[in-house]
Amino acid sequence: MNKTMLKVFSPLTLFSRAKGYKHPGGIRCPGGILYYPRDPNFKETECTPAKLFRIEQIKTTKHRPYWEKNILEELKIRALHQFAIVKNIPEINAKLWKIKHLIKVTPITFPYGEPTVDDIKHTVLKENGQCIVTKTLKPKDDEIAALEEFDKDPKKMNSVTIKRDSRLKWNNAFSGGF
């Protein structure tokens, strides 16, 4: 063999592949994916991903492979139409991708703010993914002061005063009783 043939068949040239034509102007997304929008003036809307997902099993696992059943078992979903709440992290998302045909994924939103430790008892999760938090109501300081002042007022109408005034009006009907 001559030297020109050796240069053509060198190991580096054998294992390199043709990259092909790359269209200029793609938008690089997270994960190294290039996105080519149809409209050149396209701007992606800003959105924040949900922190939690509500996962509901909508199809049965009968006649399904064991690994799909194992994933549902790891998510603590054991029956049809049972749901679980999971974090939006890559490890969980990879599992959900494998069983996407068996489940319904709903992002959980907090329209009235995220619950605190005190609000856990007053939290409701709806089927559409809304987590409704009814905040605990606390009285204002000026309302507490007004209530205490009212309780200490000697002219307030309590049951004893009402009975006494009613009796006086009944006994002295035409003279007014006062």
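The figures that follow rest on heavy atoms only: side chains count, while hydrogens, waters and symmetry mates do not. As the structure is a prediction and not an experimental result, all values here were calculated from the model.
A donor-acceptor pair under 3.5 Å is formed between the side chain of Q57 and the backbone N or O of K59. Panel note: side chain T161, backbone M157; no donor-acceptor pair is recorded below 3.5 Å. For E148 (side chain) and A145 (main-chain N/O), no donor-acceptor pair under 3.5 Å exists by modelled atom type. Checked by atom type and distance alone, the side chain of T134 pairs as donor or acceptor with a backbone atom of H122 at under 3.5 Å. Side-chain atoms of N88 come within 3.5 Å of backbone N or O of A50 as a donor-acceptor pair. Between the side chain of T60 and the backbone N or O of K62, at least one donor-acceptor pair lies under 3.5 Å. Remark: side-chain polar atoms of E143 are not paired, donor with acceptor, to backbone N or O of P139 under 3.5 angstrom.
Heavy-atom contacts from other residues, nucleotides or ligands closer than 6.0 Å to NZ of K100 number more than 12. Atom CG of D141 has 12 or fewer heavy atoms from other residues, nucleotides or ligands within 6.0 Å. Residue-environment remark: CZ (R64) exceeds the threshold of 12 foreign heavy atoms within 6.0 Å.
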query: Can you list the steps and then say if Q82 with K76 is a side chain to side chain contact (heavy atoms under 4.5 Å, CB included)?
result: CA-CA 9 Å; Q82 188 177 4; K76 306 283 192 278; over 6 Å; no
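Atom NZ of K126 is separated from atom CD1 of I108 by 14.0 Å, given to the nearest 0.5 angstrom. To the nearest 0.5 Å, atoms OG1 (T109) and CD1 (I132) are separated by 7.5 Å. The line from CZ of R164 to CG of N158 is 8.5 Å long, rounded to the nearest 0.5 Å. Put simply, CG on D119 and SG on C131 are 10.0 Å apart, with the number rounded to the nearest 0.5 Å. For the atom pair K87 NZ and N93 CG, the distance stands at 12.5 Å (nearest 0.5 Å). With rounding to the nearest 0.5 angstrom, the CD atom of E73 is 9.5 Å from the OG1 atom of T61.
Using a 4.5 Å heavy-atom threshold, the side chains of K163 and R167 count as separate.
With hydrophobic clusters built from ILVMFWY side chains whose heavy atoms lie under 4.5 angstrom apart, L125 does not share a cluster with Y112.
The pair E68-K98 does not count as a salt bridge, with every side-chain nitrogen at least 4.0 angstrom from each carboxylate oxygen.
Applying the salt bridge (charged side-chain N to carboxylate O under 4.0 Å, His left out) criterion to K51, with sequence neighbours excluded, gives E114. Listed by chain and number, the residues in a salt bridge (charged side-chain N to carboxylate O under 4.0 Å, His left out) with E149 amount to none (sequence neighbours excluded).
Considering every non-hydrogen atom in both R54 and F83, the closest pair reads NH2-CD2, 3.4 Å.
Cluster partners of I77, using a side-chain heavy-atom cutoff of under 4.5 Å among ILVMFWY residues and allowing indirect links, are F53, I55, I71, L72, L75, V86, I89, I92, L96, I99, L102, I103, V105.
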